[in-house]
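Since the model is a prediction, treat every value here as computed from it, not as a measurement. Order of the sequence lines sets the chain letters (A, B, ...), proteins ahead of strands, with each chain counted from 1.
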Amino acid sequence: MSDTMTRPKLRLDHVTKEFAAPRTGLRTVAVSDVSLEIQAGDFVCIVGPSGCGKTTVMNMIAGLDKPSSGTIEIDGAPITGPGADRGVMFQDYALFPWLTVRDNIGFGLRNGTPGRGMAANDVEERISKHIELVRLGGAETKYPHQISGGMRQRVALARLLANGPDVLLMDEPLGALDAQTRLILQAELLRIWGETAPREERKTAVFITHDIAEAVFLSDSVVVMSSHPGRIRAVLPIDLPRPRDEHVRAHPRFAQLSEEIWELIRDEAYRAIA
Amino acid sequence: MQRSIEIDSPLPVSPGNPARPTLAAKVAGYPAVLSGLVTLRSFAVFIAIWWAAAAWTHSPLQLPTPLSVLTALKSLAIDGEMLDNALTSFTRLAISMGIAVVVAVPLGFLMGLSERANAYIDPMVEVLRPISGIAWIPLALFIFGVGDVLPVFIMTYVACFPLLLNTIAGVRGTDRRLLAAARTMGVPQSRIVRHVVMPGALPTIMVGLRLAFAGAWSAIIAAELIGSPSGLGFAIEWYRQLLMSPKVFAYIIAIGAVGYSCDVALQALQRTLTPWARGTELA
Ligand SMILES: Nc1ncnc2c1ncn2[C@@H]1O[C@H](COP(=O)(O)OP(=O)(O)OP(=O)(O)O)[C@@H](O)[C@H]1O
Ligand SMILES: [Mg+2]
């Protein structure tokens, strides 16, 4: 086996992130000593209580934030900044308020690396395809403030997918959607990620969620984090068969894995609301 | 710097100006007719007070009656003199605003984007800014003499500061998340400035434009009063020397009317250029 086969796509090595409050200098340890390897073609979900550092980890992988100590590598090279190889869907969507739904979705294709070398009508076609994918056909010309929260989330998702990055970094991408849309988009997401394709053609996905069933349904492995400070509590491989469809939810193993994850975060979840 | 950001309220609703629908009026779907009546009523009250005051002082030179002013207004309007003067002043205003935009907006981008440029230029701006445009009139008289250049110079000077400060504030206030999003899509720096920073700063720049306009329009009168042989300010001074108070008042009304119309036009421009920047607060 060659080196590229064994080398992980993403590698976090003893990563710690501290934030210092600007005036008081008070330090918060957001993430402490996180080590994690994600193989190319893996779909990894991160679950954990609010404030445990999920977004912080994602920002560091995206290159938007630097670890205070430790290293993060992509394909064996340290991450020095953001790049279009790692697409991000932000927790608060980060849509451009002055652009319509269509122009938001096309922003990266028209202005960034993803659309480089593409003919203009191919770009437009790709945008249209992704508008349809998230079922926003009627809202194309609306501005973000004119659409609902769930629609905004779908715009952000479509923008990420339209850019077609190698690594998909998604921060609670389906959290604001109704249950049905959510299930439909979970399946779509698996398709786009490359579930039916051979492993080496799949993208690498890091997906943050609060929904345990969603994590089990989507992932190859689930990273469970705990807070104060943010650490990795456990990494559970999800050994359910692929490709997955609705039936997998009825699989006895599905319930078993969900239960295991719930066990791991139960204490902290109860403590958080106590 | 702080101050220019505070003014950044998209639609000031002043209690003295019921012409603009208040929030409550919008929510209740207040009929436009009714709000028009409210405007009329406040005009009527104003004119009644004016009339009473004029009758009481009984000094046509200091306070002419509304009727005499209306007559003066009519005659000035009919012979076209008022329109000529208004056009002269308005043209100067437009030229000054144009120059101010061309100078202050790019400078503001430079200062907002580059700490180094800011460190060079900001001290100069801070020294000049508190000096009123009017303070330059005597010097400008020596340099430019009486004519078109002086009022344009004064107005440009006055208009530059609010535009500059608001541009800087707008550029610096660009949403960091949007910058981050653009960077994760591999958008080059120049395109980020063009497609993220520029639209992001535009609402604040538009507020600066309105402030600049208000300042410039106040300054033009002083500049024309002293340094120009034409325009609305000059006309006021002219009729003052002739002791023709009703005409002086008529021109004061014209100044108010032109100023108000320009602001309405600017607000409309603001709405068309930055449609996303209103009505979003409650969303
Ligand atoms: N820029 C920052 N400055 C200071 N502290 C920060 C900053 N960003 C995050 N933190 C802190 O780091 C910790 C982790 O935050 P993070 O946003 O990563 O949590 P999260 O797991 O994404 O939570 P949620 O599920 O609510 O989104 C929190 O305690 C937060 O207060
Ligand atoms: Mg988060």
Under 4.0 Å between a side-chain nitrogen and a carboxylate oxygen: does that hold for [X] and [Y]?
| X | Y | result |
| --- | --- | --- |
| Glu124(A) | Arg110(A) | yes |
| Glu188(A) | Arg191(A) | yes |
| Asp166(A) | Arg86(A) | no |
| Asp263(B) | Arg210(B) | yes |
| Asp65(A) | Lys17(A) | yes |

For this session: List in chain and number order the residues that pass side-chain hydrogen bond (donor to acceptor under 3.5 Å, both in side chains) with Arg202(A), two or more places apart in sequence or in another chain; answer none if no residue qualifies.
Result: none
Exercise. Tell me, do Met89(A) and Leu161(A) make a side-chain contact under 4.5 Å, heavy atoms counted?
Worked result: no
For this session: Using a 4.5 Å cut-off on heavy atoms from C-beta on, say whether the side chain of Leu168(A) contacts that of Thr204(A).
Result: no
For this session: Under 4.5 Å, counting heavy-atom pairs only, tell me which of Leu109(A), Thr113(A), Leu169(A), Asn111(A) racks up the most with chain B.
Result: Asn111(A)
Seminar exercise, completed: Ranking Gly115(A), Ala62(A), Pro82(A), Pro144(A) by heavy-atom pairs under 4.5 Å to chain B gives rank one to Pro82(A)
For this session: Under 4.5 Å, counting heavy-atom pairs only, tell me which of Val187(B), Asp175(B), Leu202(B), Ile192(B) racks up the most with chain A.
Result: Val187(B)
What part of [X] gets within 4.5 angstrom of chain B, counting heavy atoms only: side chain, backbone, both, or neither?
| X | result |
| --- | --- |
| Asp85(A) | neither |
| Arg159(A) | side chain |
| Phe96(A) | both |

Exercise. Ring centres of Phe43(A) and Trp193(A) under 6.0 Å apart?
Worked result: yes
Problem set entry | chain A-proximal positions within residues 176-186 of chain B [heavy-atom distance under 4.5 Å] | Arg177(B), Leu178(B), Ala180(B), Ala181(B), Ala182(B), Arg183(B), Thr184(B), Met185(B), Gly186(B)
